[in-house]
2 protein chains.
Amino acid sequence: MEIEKINIAIVDDHTLFRQGLVKLLSESNEVNVLFDADNGADMINKLCNHPLPEVILMDITMPVMDGYESTKWLKDNHPDINVLALSMFEEDKPIIGMLKSGAGGYMLKQSKAGDLISAIKGIAHQSFFINELVSGKLLRNIQNNQPVKSQSIGLSANELKFLELCCSDYTYKQIADMMNLSPHTIDNYREALFQKFDVKSRTGLVISALKNELIKL
Amino acid sequence: MEIEKINIAIVDDHTLFRQGLVKLLSESNEVNVLFDADNGADMINKLCNHPLPEVILMDITMPVMDGYESTKWLKDNHPDINVLALSMFEEDKPIIGMLKSGAGGYMLKQSKAGDLISAIKGIAHQSFFINELVSGKLLRNIQNNQPVKSQSIGLSANELKFLELCCSDYTYKQIADMMNLSPHTIDNYREALFQKFDVKSRTGLVISALKNELIKL
DNA sequence: TTCTGATAAGGTATTTATACTTACAAATAT
DNA sequence: ATATTTGTAAGTATAAATACCTTATCAGAA
């Protein structure tokens, strides 16, 4: 049984590499290269004149419009097209950056053709393809985006308690009762926290506290 | 040649499950169960009286000290111990939550024994183990800081927009301007949402919206 | 048609929240 | 021993939020 080929496009400014890749993949009976482009802007033009590809192989460093921008544009304008980043860089920054921009996978240019085709097939079917290269980096990325510790903004015990009670439907008067303090004292805490968090309302305070992970819901 | 067994511990409050797992894994010639604990606090105690395990299998929901807290504690106090989350939940939230807390992998309790042992071996050698279950969620997590649009409480488009703008330092008047509506109309939205969420203040509304995951931060 | 529900908006009264100023005792620092 | 800071609390004034009530469209249903 004849399997439908996966339609792809290649965006890379290294002409020789790009054309070689076109040649190489064209020989495969699993993918079909619809077109190739020199950079993001070129790609946008050519998308109008060609059928939409399922997958786009995307380089990162390109003139005029680079891989990050191009990927973001695709996510906004053609969210169904899957982007597979294809680069020589194996550092955290470009990998995480491309994934954040919307790429569903990341392959190295030094990969074997078979692995690249596997990745293309994977991303076409699942809209993402996670390999060894990126899995660890992904994990480290979310683990490192971690708690801006409560020490960063010095809060007294009472201020913290007040802050927690603030994240609720209670009025300040009720909070004052709960903490066995005068509403005026609560008012002092409020003003101090407004200054420390640079906000002008209780809602802003609550949002900031949550963003800084000083309190949990 | 005899291969060194991987020393592990199991933390889970479901006694039968835990003991069964101990039995099951003890029969393996690849892992060695040093001890098991009922919850995080119990684990901390037992860590003092036993050799340090290389890997700890960690449940999430436990009394006294849950999996998130326990994992964080381990990362702070024994950063060399690898935590493999082991839970029945396959939702995004617990998975991302455990990984953020410091777990190096996540396995479902409904996994096969062989897969669990593979994961234990993987995490012992690489300090992380990413499977199909988590890879997609990890990717979506860093790409998608968007709210998971939930239809659970019927909100109109404008109400939802208002709700989002509510999670801020803006006054209602400013929000009215942004939405090109009269402050009175905004007031209608507010009242409608107060009823739907059963709250009496903007802060309560914001908290409820966040808890219901109608809004992201 | 008439009725109804959803949406937008005006009026007004009361309660909370916000802002700024002062005070005073206890703890700390100099 | 005398300032200085810190935590507590009061007074007052204004702005914002909350609560209720009413009106006007408009679209679709009875």
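Each chain gets a letter, A, B and so on, in the order its sequence line appears, and its residues count up from 1.
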Would you kindly give the CD-to-P distance between A:Gln195 and D:dT6, to the nearest whole Å? 13 Å
Length of the line joining B:Asp177:CG and D:dA16:P, which is rounded to integer Å: 12 Å
Would you give me the side-chain donor-acceptor pairs under 3.5 Å for residues 15-22 of chain B, sequence neighbours excluded?
from, atom 1, to, atom 2, distance (Å)
B:Arg18, NE, B:Asp36, OD2, 2.5
B:Arg18, NH1, B:Asp12, O, 2.6
B:Arg18, NH1, B:Asp38, OD1, 3.2

NZ/NE/NH1/NH2 to OD/OE distance under 4.0 Å, A:Lys5 and A:Glu30: no
Look at B:Asp76 together with B:Lys72 and state whether they make a salt bridge at an N to O cut-off of under 4.0 Å. no
Boundaries of the chain B footprint along DNA chain C (any atom under 4.0 Å from a heavy atom): C:dT7 to C:dG11
For B:Asp169, which residues count as a side chain to side chain donor-acceptor pair (under 3.5 Å) partner, sequence neighbours excluded? A:Ser201
Side chain to side chain donor-acceptor pair (under 3.5 Å) partners for A:Asn77, two or more places apart: A:Trp73
Checking side-chain polar atoms at under 3.5 Å, does B:Asp13 have a donor or acceptor matched by the opposite partner on B:Asn39? no
Under a 4.0 Å heavy-atom cut-off, which of residues 163-174 of chain A touch DNA chain C? A:Thr171, A:Tyr172
Here the residues of residues 180-193 of chain A within 4.0 Å heavy-atom distance, strictly under, of DNA chain C are A:Asp187, A:Arg190, A:Glu191
Report yes if the side chains of B:Ile8 and B:Leu57 come closer than 4.5 Å at any heavy-atom pair, otherwise no. yes
Between NZ of A:Lys46 and CG of A:Leu34, what distance do you get to the nearest 0.5 Å? 12.5 Å
Mind checking what makes side-chain contact (heavy atoms from CB on, under 4.5 Å) contact with A:Asp187, not counting sequence neighbours? A:Arg190, A:Glu191
Which residues share a side-chain contact (heavy atoms from CB on, under 4.5 Å) with B:Met179, sequence neighbours left out: B:Asn158, B:Lys161, B:Phe162, B:Leu165, B:Ile175, B:Leu181, B:Ile186, B:Tyr189
Which residue pairs pass the ring-ring contact (aromatic ring centres under 6.0 Å, His included) test when at least one of the two sits in residues 33-52 of chain B, sequence neighbours left out? B:Phe35-B:His50
Sequence neighbours excluded, the answer for ring-ring contact (aromatic ring centres under 6.0 Å, His included) partners of A:His184 is none
Overall bend of the helix from C:dT1-D:dA30 to C:dT30-D:dA1 (five pairs an end, 10° steps) is 30°
Under the salt bridge (Lys or Arg N to Asp or Glu O under 4.0 Å) test, which residues partner B:Lys75, sequence neighbours left out? none
